[in-house]
Amino acid sequence: MTDSFSVNGALFPQTAEDLKARLKDKFNPQTQYPSCEGVVNIPATVAYQLAEYIMQGKPLGERNEIPLAISGWKRQSSSGKTYISLSFKPHYKYEKNAEGVVNDAAQSVAKATDGNVVDDFF
């Protein structure tokens, strides 16, 4: 398995009043908004581990997916609002692809571009 990582986030319930306050004139009462919203925070120090996990993972099942374990805890913010605290970690079913598949592809791109990242074609 890849180096262990942990990525955290939170889901907060969203009432119509919350959405009206945040969206102001853009609020549309006919729109079906999510009942919860939040953010997953990926620390820069963990981003490469997470990317490696995804890039080198062996897809599973009919939908060809890379598993990522999610855990949640009901918490209360300092302002008293209840939310779900989330943690994302490697899943126990995770397996790497054949060794070197991603590294070979990366080395091929680096060789073709002389190690330069091309971000503008014109």
Side-chain angles (χ1 to χ4, degrees):
M1 190 184 316
T2 189
D3 291 336
S4 186
F5 63 85
S6 179
V7 178
N8 299 312
L11 279 176
F12 288 85
Q14 299 294 301
T15 64
E17 291 77 30
D18 294 332
L19 292 164
K20 286 177 190 175
R22 185 166 46 93
L23 298 175
K24 300 183 183 358
D25 292 341
K26 294 179 183 177
F27 178 79
N28 180 349
Q30 304 303 319
T31 301
Q32 194 172 27
Y33 294 101
S35 59
C36 294
E37 288 187 329
V39 174
V40 174
N41 299 301
I42 302 171
T45 57
V46 189
Y48 285 109
Q49 292 171 323
L50 178 59
E52 179 183 316
Y53 176 88
I54 293 167
M55 296 295 294
Q56 293 186 0
K58 181 178 178 182
L60 301 174
E62 291 178 14
R63 293 174 47 176
N64 225 20
E65 300 168 321
I66 307 296
L68 186 62
I70 302 172
S71 300
W73 298 265
K74 191 173 181 180
R75 309 270 176 155
Q76 193 169 43
S77 71
S78 57
S79 66
K81 192 169 190 176
T82 300
Y83 69 99
I84 302 293
S85 174
L86 300 171
S87 173
F88 301 82
K89 295 181 180 184
H91 192 272
Y92 74 93
K93 288 185 178 180
Y94 174 83
E95 291 181 40
K96 275 189 175 181
N97 268 322
E99 198 63 39
V101 171
V102 173
N103 290 333
D104 289 347
Q107 287 176 5
S108 175
V109 170
K111 184 178 179 182
T113 63
D114 290 328
N116 297 318
V117 175
V118 179
D119 60 2
D120 190 1
F121 290 104
F122 303 100

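In this chain, numbering begins with 1 at the start of the sequence shown.
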Task: Nearest heavy atoms of Gln56 and Tyr94, plus distance in Å - done: C-OH, 3.7 Å
- [ ] Taking all non-hydrogen atoms of both residues into account, name the closest pair between Pro59 and Asn97 and its distance.
- [x] CD-OD1, 4.0 Å
Open item on the list: Strictly by salt bridge (charged side-chain N to carboxylate O under 4.0 Å, His left out), give each pair with a member in residues 59-75 just once, sequence neighbours left out.
Closed with: Arg63-Glu65
Open item on the list: Does anything in residues 5-14 form a salt bridge (charged side-chain N to carboxylate O under 4.0 Å, His left out)? List the pairs, not counting sequence neighbours.
Closed with: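 Residue pairs passing salt bridge (charged side-chain N to carboxylate O under 4.0 Å, His left out), neighbours aside: none found.
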Open item on the list: Run the salt bridge (Lys or Arg N to Asp or Glu O under 4.0 Å) test against Glu17 and tell me which residues pass, sequence neighbours left out.
Closed with: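 For Glu17, no residue satisfies salt bridge (Lys or Arg N to Asp or Glu O under 4.0 Å) once neighbours in sequence are set aside.
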TODO: List in chain and number order the residues that pass side-chain contact (heavy atoms from CB on, under 4.5 Å) with Lys93, two or more places apart in sequence or in another chain; answer none if no residue qualifies.
DONE: Leu60, Pro67, His91
- [ ] Could you list the residues that satisfy side-chain contact (heavy atoms from CB on, under 4.5 Å) with Asp25, not counting sequence neighbours?
- [x] none
Considering only distance and modelled atom types, tabulate donor-acceptor pairs under 3.5 Å from the side chains of residues 33-48, sequence neighbours left out.
residue	atom	partner	partner atom	Å
Tyr33	OH	Asn28	N	3.0
Glu37	OE1	Arg22	NH2	2.4

- [ ] Treating Ile, Leu, Val, Met, Phe, Trp and Tyr as nodes and any side-chain heavy-atom pair under 4.5 angstrom as an edge, say whether Ile70 and Leu11 lie in one connected cluster.
- [x]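 Yes, Ile70 connects to Leu11 through the hydrophobic network.
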Open item on the list: Rounded to the nearest 0.5 Å, what separates atom NZ in Lys58 from atom CG in Asn64?
Closed with: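 It is 11.0 Å, given to the nearest 0.5 Å.
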For residues 78-89, tabulate all N or O donor-acceptor pairs below 3.5 Å that involve a side-chain atom, not counting sequence neighbours.
residue	atom	partner	partner atom	Å
Ser79	OG	Ser77	OG	2.9
Lys81	NZ	Asp18	OD2	3.4

